Amino acid sequence: MDTLIHDLRDITIRRISVSEMDNNVYLLTAKASGAQLLIDAADDLPAIQALLQDAAADTAATPKLELIATTHQHWDHVRALPALVDATGARTAAGTEDAPELPVKVEVLLDHGDVGNFDGFDVTAVHLRGHTPGSVALVYQDPAGPAHIFSGDSLFPGGVGNTQKDPERFNQLISDVSERLFDAYPDDTVVHPGHGKPTTLGAERPHLQEWRARGW
């Protein structure tokens, strides 16, 4: 299976789907330095290790997994996290409010607007409250093309994430997604969700009022 989904100017983006929940695991690799960021070590350590092996072809340097970022605390997004940390020694990152619930010690706490600097690329954290208190999206701004948003379970094709029919949580999430993603990034921005297929902000933007009206 070809795991490469975007071959950009400075980085590659690879993806695999794992588990019965169709969880997406994303890997960003800097072409020049080999620095890597993995997003959501959801499940299936051997599959994630194979993904890392695939990405060795994306750089002439020696690849190094520098950070494992978790978009939110839910169990289906962290099942392989302890084993991957043990296998690689990579540091961990998560939203400040969700970090205490993760099954590993979180070394990098992510708040809204925090920027992670890797050798060859940067990623910005966007705090999206509602699905969980500390959910974060991670945004890579391609200098030669559209931005890429790794949205966890906060934004999908067709709507925002599950807020358990809690009106307060839903209103918080739809407001954060509207203001911090749709108002901040243009239509060509690619959205890579925590489950299922990608979309763009432009494809979803016409439906924001419809989502708000239906309440989920």
Side-chain angles (χ1 to χ4, degrees), residues 5-6 8 13-28 37 39-40 42-43 69-78 93-98 101 110-115 123-142 144-216:
I5 57 171
H6 290 279
L8 307 178
I13 302 173
R14 289 182 178 268
R15 180 194 72 91
I16 54 171
S17 171
V18 297
S19 87
E20 72 284 2
M21 304 280 287
D22 187 24
N23 287 83
N24 289 322
V25 181
Y26 297 101
L27 180 65
L28 282 58
L37 164 66
I39 300 171
D40 284 348
D43 197 16
T70 300
T71 58
H72 65 290
Q73 63 177 273
H74 285 160
W75 65 277
D76 59 308
H77 290 259
V78 298
T96 296
E97 293 83 358
D98 277 17
E101 305 302 322
L110 301 175
D111 293 308
H112 183 61
D114 285 350
V115 178
V123 173
T124 303
V126 179
H127 189 191
L128 301 170
R129 299 156 291 187
H131 182 65
T132 66
S135 285
V136 291
L138 297 166
V139 184
Y140 170 68
Q141 179 60 65
D142 181 7
H148 292 259
I149 297 173
F150 301 88
S151 60
D153 285 3
S154 292
L155 177 61
F156 294 99
V160 296
N162 189 354
T163 50
Q164 278 77 43
K165 300 183 179 177
D166 180 329
E168 187 175 340
R169 286 173 58 197
F170 171 75
N171 286 331
Q172 181 70 76
L173 182 55
I174 192 78
S175 294
D176 277 1
V177 164
S178 297
E179 295 162 14
R180 297 180 174 186
L181 296 182
F182 284 93
D183 290 353
Y185 296 96
D187 282 353
D188 62 356
T189 302
V190 183
V191 178
H192 302 276
H195 306 263
K197 294 184 177 177
T199 184
T200 63
L201 290 184
E204 307 304 324
R205 192 184 302 277
H207 305 291
L208 274 170
Q209 289 307 314
E210 170 193 329
W211 301 348
R212 194 179 282 277
R214 77 188 183 190
W216 56 273

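No experiment lies behind these values; they were computed from the predicted model shown.
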Distance-minimising heavy-atom pair for Ala147 and Tyr185: CB-CD2, 4.1 Å
Any side-chain donor near an acceptor of the partner, Asp153 and His74, under 3.5 Å: no
Count the heavy atoms belonging to other residues, nucleotides or ligands that lie under 6.0 Å from CD of Gln164, then report whether that count exceeds 12. yes
Would a 4.5 Å heavy-atom cut-off, applied to side chains only, mark Arg14 and Ile5 as touching? no
Which pairs with one or both residues in residues 123-140 pass salt bridge (charged side-chain N to carboxylate O under 4.0 Å, His left out), sequence neighbours excluded? Arg129-Asp176
Any donor-acceptor pair under 3.5 Å linking the side chain of His6 with the backbone of Ile13? no
Is there a donor-acceptor pair under 3.5 Å between the side chain of Arg205 and the backbone N or O of Phe182? yes
Under 30°, 30 to 60°, or over 60°: which ring-plane class applies to Tyr26 and His192, parallel, tilted or perpendicular? perpendicular
Could you tell me if the side chain of Leu201 sits less than 4.5 Å from the side chain of Leu155, heavy atoms only? yes
Short side-chain donor-acceptor distance under 3.5 Å, Gln73 and Thr132: no
Sequence-distant partners of Tyr140, ring pair (Phe, Tyr, Trp, His ring centres under 6.0 Å), two or more places apart: none
Minimum-distance pair of heavy atoms, taken over all atoms of Pro193 and Asn24: O-ND2, 2.9 Å
Determine whether Glu210 and Arg214 make a side-chain contact, defined as any pair of heavy atoms from C-beta on separated by less than 4.5 Å. yes
Quick one: ring pair (Phe, Tyr, Trp, His ring centres under 6.0 Å) partners of His195, sequence neighbours excluded? His77
Determine yes or no for a side-chain-to-main-chain donor-acceptor pair under 3.5 angstrom, with Asp187 supplying the side chain and Thr200 the backbone. no
Value rounded to 0.5 Å, distance of CD1 in Ile174 from CD in Gln172: 11.5 Å
Would you mind reporting whether Leu181 and Ile149 have side-chain heavy atoms less than 4.5 Å apart? yes
Check: Asn23 side chain, Asp76 main-chain N or O, donor-acceptor pair, under 3.5 Å: yes
So does Pro133 get a backbone contact from the side chain of His127, meaning a donor-acceptor N/O pair under 3.5 Å? yes
Asp40 side chain vs Gly152 backbone, donor-acceptor pair below 3.5 Å: no
Is the CH2 atom of Trp211 crowded by more than 12 outside heavy atoms at less than 6.0 Å? yes
Between Lys197 and Pro157, what is the shortest heavy-atom contact and its length? O-CG, 3.3 Å
Shortest non-hydrogen contact from Ser178 toward Arg212: OG-NH2, 3.9 Å
Heavy-atom distance under 4.5 Å between the side chains of Thr70 and Asp98, does that happen here? no
Between Thr189 (side chain) and Pro186 (backbone), is there a donor-acceptor pair under 3.5 Å? yes
Out of curiosity, His72 NE2 to Leu128 CG, how far, rounded to the nearest 0.5 Å? 11.5 Å
Please name the pair of heavy atoms, one in Leu110 and one in Ala125, separated by the smallest distance, quoted to 0.1 Å. CB-CB, 4.2 Å
Is there side-chain contact between Thr163 and Trp216, with at least one heavy-atom pair below 4.5 Å? no
If I take atom OG1 from residue Thr71 and atom CD1 from residue Ile39, how far apart are they, to the nearest 0.5 angstrom? 8.5 Å
Please give me the minimum heavy-atom distance between Ala184 and Arg180, naming the atom from each residue. CB-O, 3.4 Å
In this structure, CD of Glu168 is separated from CG of Leu173 (nearest 0.5 Å) by 12.5 Å
